[in-house]
Q: 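Starting off with a structure, shown below.
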Amino acid sequence: MYFLFSMWRSGPYRSIIYKDMKNLRVLIVDDENRIAQLISKLIHWEENGLVPAGICSDGQEAYEQISAGNADIVVTDIRMPVMNGLELIRRIHDTYQNSVHFIVISGYREFEYAHTALKYGVEDYLLKPVNEHELNTTLSRLSRAYSTEQEREKKAEKDEQVKKELLSQHAAAFLVQNSTIPALEDFNREYSLVLENTLFLAVYIRLDRHVSSEQDSMQDRLIVQNIIRIMTEKLAPAVRNQLHTADDAGSIYFVLNYTAGGSIEALLPDIFNELKEYVYAFSRYELTLACGSEKSFSEITASIRRAGEGIHERIVFGTGRIISTRDIEIKHDALLEEDILDTIRLKTANAVQSLSSAQLSRLIDSVFSGIKEKKLYNADAYYETADMFVRFVYDQMSVSSREERMLTDEIHSCYSVADLSLLLRTRLCTKLEELRKQKQSQAEKPIRSAKEYVEAHYAEKITLEDVAGILKLNPSYLSTLFKKETGSNFLEYVIEVRIEKAKQLLVSTNDTMAGIAEKVGYADTRYFSQCFEKVAGLKPSIYRKLYS
């Protein structure tokens, strides 16, 4: 009879089988070689995803093969010399629990065989002679169950890996974002980590996109992922644990945990060169790396802060390099002198008041060139001066706090003085030009209304006071504004409109001079003629003869 035992992999072979992802191995055990060979020929090996593990002539030989981890499924006879099939099953079950599947063969109908086998989880049994279809149906079911369990194992392992990765990233983000951290034991428990109470080092990598390049979020994320992969792989032999976190702005933090005597900083130059070779192949990015200093876990935030200061200083030291703690310790004056700031404030105010984007652009260029030439300042001199320009300009405009905040974020992402200067010139001068056009439009609106009124009422009595009253403006202000925008005063414009209308009537009608004068707003024909000659350069009667 056949007996199928459900002994799933919870024993010593489980990790080997699932890790290797190989086909199930079938061991055939029978003291009659002819029957064993027949069974082997009946099995649909490839169709069922099976491979032969060999043939044994007795239970003892099979036990040794199984103990060596060379079989997943055992097709065995019951009656054999040395060790029978039931004894083989019992010993394997007692030693390895459910690590191997058994299919038991017997030519006898005695119930005691089935009863004994039931203790080990029988699912089915078949009688000799072996039926090809029934044998392969059983093997196929085993193979499918194995594949399902294999996929379940893979998914569970993948889910567990994703969970660990997310917890690791959250742990790193917590350390980067918080100045106060818990004890190491509590931190490990919170994030399911095994950080050791040895040395810690923060490494900050910054991926900057060229200002002129278009944003490609998918490519940015891919590059960040590969930077993390390369760093993780290269550092793995030298560290006990490593955490990392990254954001959409191109900031990548690593927190490395290692034992004393580790040469982490000595490894970084070669790793950084490999990272640059990868990143610079895209021709649109800059890469910078900065290290903190070795600390205990309780002081790791100091190492993280130090690495952040290093990246911050890339505008001074340049990109494409490792900025060390020694670089950061170079002393600079933090800000510009107060008298220089006062000068910048005054000149910025003048540029804004005069709405001169050209004047503001020259000032920005001049200030940042002066800072760079002196080589006395740290990064704050550049960024805080840029922030100051934004405040000086935006305070005199109607700009939302969100727009100002977004520009400030862009400013602190600039990694070169040239880019910083260009960003300010582009954004602030554009805003100033918008303000100029807005004010010009506001100034032109009452002038347009005044002109439209004259066009519609030129045949009537028109005074500046009347039009100012309609527009709800002060007459003196309207007069000054009209002169500034048109180049002539209001009365001169009224006369010009009336004379233009008179010219049209002179050449297109046979009206008398008195009739034309009345139609364009003149009750006195002689005064009309005088005004016409003053504007057109000849008398109305002569104009009619020449142009009609």
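Here, residue 1 is the first one in the sequence, and each next residue gets the next number.
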Q: Tell me if a side-chain donor or acceptor on Asn188 pairs with a main-chain N or O of Leu195 at a distance below 3.5 Å.
A: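 Checked: pair present.
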Q: Report the distance from atom CD1 of Ile205 to atom OG of Ser251, rounding to the nearest 0.5 Å.
A: 10.5 Å
Q: Would you mind checking if Arg152 and Glu149 are paired as a salt bridge, meaning a charged N to carboxylate O distance below 4.0 Å?
A: yes
Q: Consider side chain to side chain contact (heavy atoms under 4.5 Å, CB included). Of Leu428, Leu422, Leu423, which one does Thr426 pass it with?
A: Leu422
Q: Evaluate the criterion salt bridge (charged side-chain N to carboxylate O under 4.0 Å, His left out) for residue pair Lys154 and Glu151; output intermediate values, then yes/no.
A: CA-CA 5 Å; Lys154 285 170 57 181; Glu151 288 301 319; 3.3 Å; yes
Q: Going from CG on Leu142 to OG1 on Thr137, what distance comes out if it is rounded to the nearest 0.5 angstrom?
A: 11.5 Å
Q: Run the salt bridge (charged side-chain N to carboxylate O under 4.0 Å, His left out) test against Arg240 and tell me which residues pass, sequence neighbours left out.
A: Glu196
Q: Check whether any side-chain heavy atom of Lys163 sits under 4.5 Å from a side-chain heavy atom of Leu167, and report yes or no.
A: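 Of all side-chain heavy-atom pairs linking Leu167 with Lys163, at least one is under 4.5 Å.
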Q: Any side-chain heavy atom of Asp72 sitting closer than 4.5 Å to one from Tyr146?
A: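 No, side chains not in contact.
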Q: Any side-chain heavy atom of Leu424 sitting closer than 4.5 Å to one from Ile411?
A: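 They are in side-chain contact.
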Q: Would one find more than 12 heavy atoms of other residues, nucleotides or ligands at under 6.0 Å from atom CD of Glu277?
A: no
Q: Would you say Thr148 and Arg144 are linked by a side-chain donor-acceptor pair, where the criterion is simply a distance under 3.5 Å?
A: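 Side-chain D/A pair, Arg144 to Thr148: absent.
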Q: According to the interplanar angle, ranging from 0 to 90°, do the rings of Tyr382 and Phe368 count as parallel (below 30°), tilted (30 to 60°) or perpendicular (above 60°)?
A: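 Taking Phe368 first and then Tyr382, their aromatic rings lie parallel (interplane angle under 30°).
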Q: For Arg189, which residues count as a side-chain hydrogen bond (donor to acceptor under 3.5 Å, both in side chains) partner, sequence neighbours excluded?
A: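 Testing Arg189 for side-chain hydrogen bond (donor to acceptor under 3.5 Å, both in side chains), a comparison that skips the adjacent residues, returns Glu185, Asp186.
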Q: Report yes or no: does Ser303 contribute a side-chain atom to a donor-acceptor pair with the main-chain N or O of Ser293 at less than 3.5 Å?
A: yes
Q: Taking C-beta and beyond as the side chain, do Ile300 and Ile181 meet within less than 4.5 Å on heavy atoms?
A: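 The answer is yes; the side chains approach within 4.5 Å.
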Q: For Arg427, what residues pass the side-chain hydrogen bond (donor to acceptor under 3.5 Å, both in side chains) criterion, not counting sequence neighbours?
A: Glu410
Q: Can you tell me how far the OG atom of Ser40 sits from the CD1 atom of Ile28, to the nearest 0.5 Å?
A: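 Reported value, rounded in 0.5 Å steps: 4.5 Å.
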Q: Determine, step by step, whether Ile304 and Leu175 satisfy the side chain to side chain contact (heavy atoms under 4.5 Å, CB included) criterion, reporting the C-alpha distance in whole Å, the side-chain angles of both residues, the deciding distance to 0.1 Å, and the verdict.
A: CA-CA 8 Å; Ile304 292 171; Leu175 295 176; 3.8 Å; yes
Q: Do the side chain of Asn48 and the main chain of His44 share a donor and acceptor less than 3.5 angstrom apart?
A: yes
Q: Looking at side-chain heavy atoms only, is the closest gap between Glu265 and Leu201 below 4.5 Å?
A: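 In contact.
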Q: If you measure only the distance, is there a donor-acceptor pair under 3.5 Å linking the side chains of Arg425 and Ser421?
A: yes
Q: Looking at Asn257 and Leu199, would you say the former's side chain and the latter's main chain have a donor-acceptor pair under 3.5 Å?
A: yes
Q: Assess whether a salt bridge exists between Arg306 and Glu309, defined as any Lys/Arg side-chain N lying under 4.0 Å from an Asp/Glu carboxylate O.
A: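 Salt bridge between Arg306 and Glu309, a charged N being under 4.0 Å from a carboxylate O: yes.
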Q: Using a cut-off of 6.0 Å, state whether more than 12 heavy atoms not belonging to Asp159 lie near its atom CG.
A: yes
Q: Do the ring planes of Tyr383 and His412 sit parallel (below 30°), tilted (30 to 60°) or perpendicular (above 60°)?
A: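 The rings of Tyr383 and His412 lie parallel, inter-plane angle below 30°.
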Q: Return yes if a side-chain donor-acceptor contact under 3.5 Å exists between Thr198 and Tyr258, otherwise no.
A: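 No, because no side-chain N or O of Thr198 sits under 3.5 Å from a partner of the opposite role on Tyr258.
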Q: Sequence neighbours left out, cut at 3.5 Å: what donor-acceptor pairs do the side chains of residues 413-420 make with other protein atoms?
A:
unit_1 : atom_1 : unit_2 : atom_2 : d
Ser413 : OG     : Asp409 : O      : 3.1
Ser416 : OG     : Asp419 : N      : 3.1
Ser416 : OG     : Asp419 : OD2    : 3.1

Q: Could you go step by step and tell me if Leu88 and Phe102 meet the side chain to side chain contact (heavy atoms under 4.5 Å, CB included) rule?
A: CA-CA 10 Å; Leu88 171 64; Phe102 281 90; 4.1 Å; yes
Q: Going by side-chain hydrogen bond (donor to acceptor under 3.5 Å, both in side chains), name the residues that satisfy it together with Arg321, two or more places apart in sequence or in a different chain.
A: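 Expected list: Asp327.
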Q: Sort out for me which residue in Thr288, Leu275, Val279 forms a side chain to side chain contact (heavy atoms under 4.5 Å, CB included) with Leu207.
A: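 Exactly one candidate clears the test, Val279.
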Q: Drop me the distance from Thr301's OG1 to Phe200's CZ, to the nearest 0.5 angstrom.
A: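 Rounded to the nearest 0.5 Å, the OG1-CZ separation comes out at 12.0 Å.
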Q: Under the rule for side-chain hydrogen bond (donor to acceptor under 3.5 Å, both in side chains), what residues qualify as partners of Thr319, not counting sequence neighbours?
A: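 So Thr319 forms a side-chain hydrogen bond (donor to acceptor under 3.5 Å, both in side chains) with Glu286.
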Q: Do Ile103 and Leu139 have side chains that approach each other closer than 4.5 Å (heavy atoms only, starting at C-beta)?
A: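 Sidechains of Leu139 and Ile103: in contact.
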Q: Working to the nearest 0.5 Å, report the span between NZ of Lys155 and CD of Gln150.
A: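 Result: 15.5 Å between the selected atoms.
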Q: Could you check whether the rings of Tyr253 and Tyr204 sit parallel, tilted or perpendicular, using 30° and 60° as the cut-offs?
A: parallel
Q: Could you name each residue pair satisfying salt bridge (charged side-chain N to carboxylate O under 4.0 Å, His left out) that touches residues 225-236, not counting sequence neighbours?
A: Arg229-Glu233, Lys234-Glu274
Q: With sequence neighbours excluded, what pairs up with Arg391 under the side chain to side chain contact (heavy atoms under 4.5 Å, CB included) test?
A: Asp387, Met388, Asp395, Glu404
Q: Can you tell me if Asn136 uses its side chain to pair, donor with acceptor, with the backbone of Leu42 under 3.5 Å?
A: yes
Q: Which residue pairs pass the ring pair (Phe, Tyr, Trp, His ring centres under 6.0 Å) test with at least one member in residues 47-71, sequence neighbours excluded?
A: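 Counting only pairs at least two positions apart or across chains, no ring pair (Phe, Tyr, Trp, His ring centres under 6.0 Å) contact touches residues 47-71.
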Q: Tell me, do Leu243 and Leu193 make a side-chain contact under 4.5 Å, heavy atoms counted?
A: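 Of all side-chain heavy-atom pairs linking Leu193 with Leu243, at least one is under 4.5 Å.
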Q: Can you list the residues that meet the salt bridge (charged side-chain N to carboxylate O under 4.0 Å, His left out) rule with Asp208, with sequence neighbours excluded?
A: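 Once residues adjacent in sequence are excluded, the partners of Asp208 under the salt bridge (charged side-chain N to carboxylate O under 4.0 Å, His left out) criterion are Arg206, Arg314.
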Q: With sequence neighbours left out, which residue pairs that include part of residues 267-287 fulfil the ring pair (Phe, Tyr, Trp, His ring centres under 6.0 Å) condition?
A: Tyr278-Phe282
Q: Suppose the criterion is side-chain hydrogen bond (donor to acceptor under 3.5 Å, both in side chains): which pairs have a residue in residues 166-182, not counting sequence neighbours?
A: Glu165-Gln169
Q: Indicate whether any N or O donor in one side chain lies under 3.5 Å from an N or O acceptor in the other, for Asp380 and His312.
A: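 Per modelled atom types, Asp380 and His312 side chains form a pair under 3.5 Å.
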Q: Taking atom CD of Glu32 and atom CE of Met80, what is their separation to the nearest 0.5 Å?
A: 11.5 Å
Q: With heavy-atom distances below 4.5 Å as the criterion, would you say the side chains of Asn84 and Arg79 are in contact?
A: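 SC-SC contact between Asn84 and Arg79 ruled out.
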Q: Please answer whether the main-chain N or O of Thr232 pairs with a side-chain N or O of Gln242 as donor and acceptor at a distance below 3.5 Å.
A: yes
